[in-house]
Amino acid sequence: MRVWKFGNDIDTDAIIPGRFLTIYDPAELAKHAFEGTRDEFAQEVRDGDVVVGGTNFGCGSSREHAPLALLGAGVKVVVAKSFARIFYRNAVNTGLLPLISAGTDSVRDGDAVTVNIAGGYIDVNGKRLPVEPVPGFMKEIVDAGGLVAYAKDLDEVKTCNTE
């Protein structure tokens, strides 16, 4: 996996421009991810790549399209110093894992990265950067593929337990 590095205050309009908000398919949204901000992203991103930002990643308009575009592009994890609260929740709710790390300044575009959630760190070119622990219920939501899938799983468990 490799890093796509962004700076501070990356807003949702930079992730997916507003003119594409009529699209709901993650794969279609991915074709326009970071359009006008970093045009090569949509063409060169690979499954498993990691987006790394600075502070206030995902600020701006409240739109689920931003994490959906990243998921559609194959990004499963975004690491930043901090996230806009609504982006953070939208990410979890759609199945994208937001990780908080104070060490993102040392990360460079194109670095090799491995994510170790259980160990509480990301490994960037052999250097371990700690990440804040992910609450268990949020990890379960992400692992299920988002809040809707998580709720369906819970409903199925309830149904099985009552029969």
Side-chain angles (χ1 to χ4, degrees), residues 1-117 119-135 138-139 141-142 145-146:
M1 295 185 277
R2 69 178 165 171
V3 167
W4 288 86
K5 180 69 184 279
F6 293 87
N8 298 328
D9 302 313
I10 299 300
D11 67 31
T12 54
D13 203 49
I15 299 168
I16 187 72
R19 65 185 173 276
F20 300 112
L21 297 183
T22 58
I23 300 170
Y24 294 95
D25 176 39
E28 286 299 311
L29 286 167
K31 294 176 184 177
H32 305 286
F34 291 107
E35 190 169 300
T37 301
R38 192 158 175 197
D39 292 334
E40 76 277 13
F41 180 86
Q43 301 304 316
E44 297 175 16
V45 66
R46 299 292 172 254
D47 192 44
D49 284 356
V50 175
V51 170
V52 175
T55 59
N56 202 27
F57 189 91
C59 59
S61 300
S62 166
R63 55 179 73 153
E64 289 179 344
H65 294 73
L68 287 174
L70 296 176
L71 282 166
V75 173
K76 311 278 187 299
V77 177
V78 177
V79 182
K81 283 185 178 181
S82 65
F83 291 90
R85 286 187 307 177
I86 193 71
F87 178 87
Y88 186 90
R89 285 306 308 199
N90 281 340
V92 170
N93 290 345
T94 58
L96 177 69
L97 182 61
L99 295 175
I100 299 171
S101 176
T104 62
D105 287 342
S106 65
V107 178
R108 300 290 170 243
D109 201 51
D111 281 349
V113 62
T114 303
V115 177
N116 187 323
I117 297 164
Y121 65 89
I122 59 171
D123 184 298
V124 181
N125 292 333
K127 181 180 176 186
R128 285 187 176 184
L129 301 176
V131 296
E132 290 184 9
V134 178
M138 285 190 175
K139 180 76 171 74
I141 292 169
V142 169

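None of these values were measured; they are calculated from a predicted model. Values below: all heavy atoms of this structure, side chains included; hydrogens, waters and symmetry mates excluded.
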Could you check Ile23 against Lys31 for side-chain contact (heavy atoms from CB on, under 4.5 Å), going step by step and ending with a plain yes or no?
CA-CA 11 Å; Ile23 300 170; Lys31 294 176 184 177; over 6 Å; no
Glu40 atom CD, neighbour heavy-atom count above 12 within 6.0 Å:
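Counting other residues, nucleotides and ligands, CD of Glu40 exceeds 12 neighbours.
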Beyond-backbone contact of [X] with [Y], side-chain heavy atoms, under 4.5 angstrom:
X      : Y      : value
Leu99  : Val134 : yes
Arg38  : Asp109 : yes
Asp123 : Asn116 : no
Val124 : Ser106 : no
Asp11  : Ser61  : no
Phe34  : Trp4   : no

Distance from [X] atom [atom1] to [Y] atom [atom2], nearest 0.5 Å?
X     : Y     : atom1 : atom2 : value
Leu96 : Leu70 : CG    : CG    : 6.0 Å
Asp13 : Arg19 : CG    : CZ    : 8.0 Å
Thr12 : Glu64 : OG1   : CD    : 12.0 Å

Minimum heavy-atom distance [X]-[Y], with the two atoms named:
X      : Y      : result
Ile141 : Val92  : CG2-O, 3.4 Å
Ile117 : Lys139 : CD1-CE, 3.8 Å
Pro17  : His32  : CD-O, 3.7 Å
Thr94  : Pro67  : OG1-CB, 3.4 Å
Thr55  : Asn8   : N-OD1, 2.8 Å
Ala42  : Ala30  : CB-O, 3.4 Å

List for me each residue that meets salt bridge (charged side-chain N to carboxylate O under 4.0 Å, His left out) alongside Lys76, sequence neighbours excluded, and say none if there are none.
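So Lys76 forms a salt bridge (charged side-chain N to carboxylate O under 4.0 Å, His left out) with Asp47.
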May I have the list of side-chain donor-acceptor pairs in residues 84-91 shorter than 3.5 Å, sequence neighbours left out?
from  : atom 1 : to    : atom 2 : distance (Å)
Arg89 : NH2    : Asn93 : OD1    : 3.3
Asn90 : ND2    : Ile86 : O      : 3.4

Check for a donor-acceptor pair, side chain of [X] on one end and backbone N or O of [Y] on the other, with a separation under 3.5 Å.
X      : Y     : result
Thr104 : Gly53 : yes
Ser82  : Asn56 : yes
Asp49  : Val75 : no

Ile15 and Ile10: side-chain contact (heavy atoms from CB on, under 4.5 Å), yes or no, with the steps?
CA-CA 7 Å; Ile15 299 168; Ile10 299 300; 4.0 Å; yes
What orientation do Tyr24 and His65 show, parallel under 30°, tilted 30 to 60°, or perpendicular over 60°?
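If you compare the ring of Tyr24 with that of His65, the planes turn out tilted.
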Using 30° and 60° as the class limits, which term best fits the ring planes of Phe57 and Phe83: parallel, tilted or perpendicular?
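Ring orientation, 0 to 90° scale: perpendicular.
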Walk me through whether Leu68 and Arg63 qualify under side-chain contact (heavy atoms from CB on, under 4.5 Å).
CA-CA 9 Å; Leu68 287 174; Arg63 55 179 73 153; over 6 Å; no
SB check Asp111 Lys127 (cutoff 4.0 Å)
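The answer is no: the pair does not qualify as a salt bridge.
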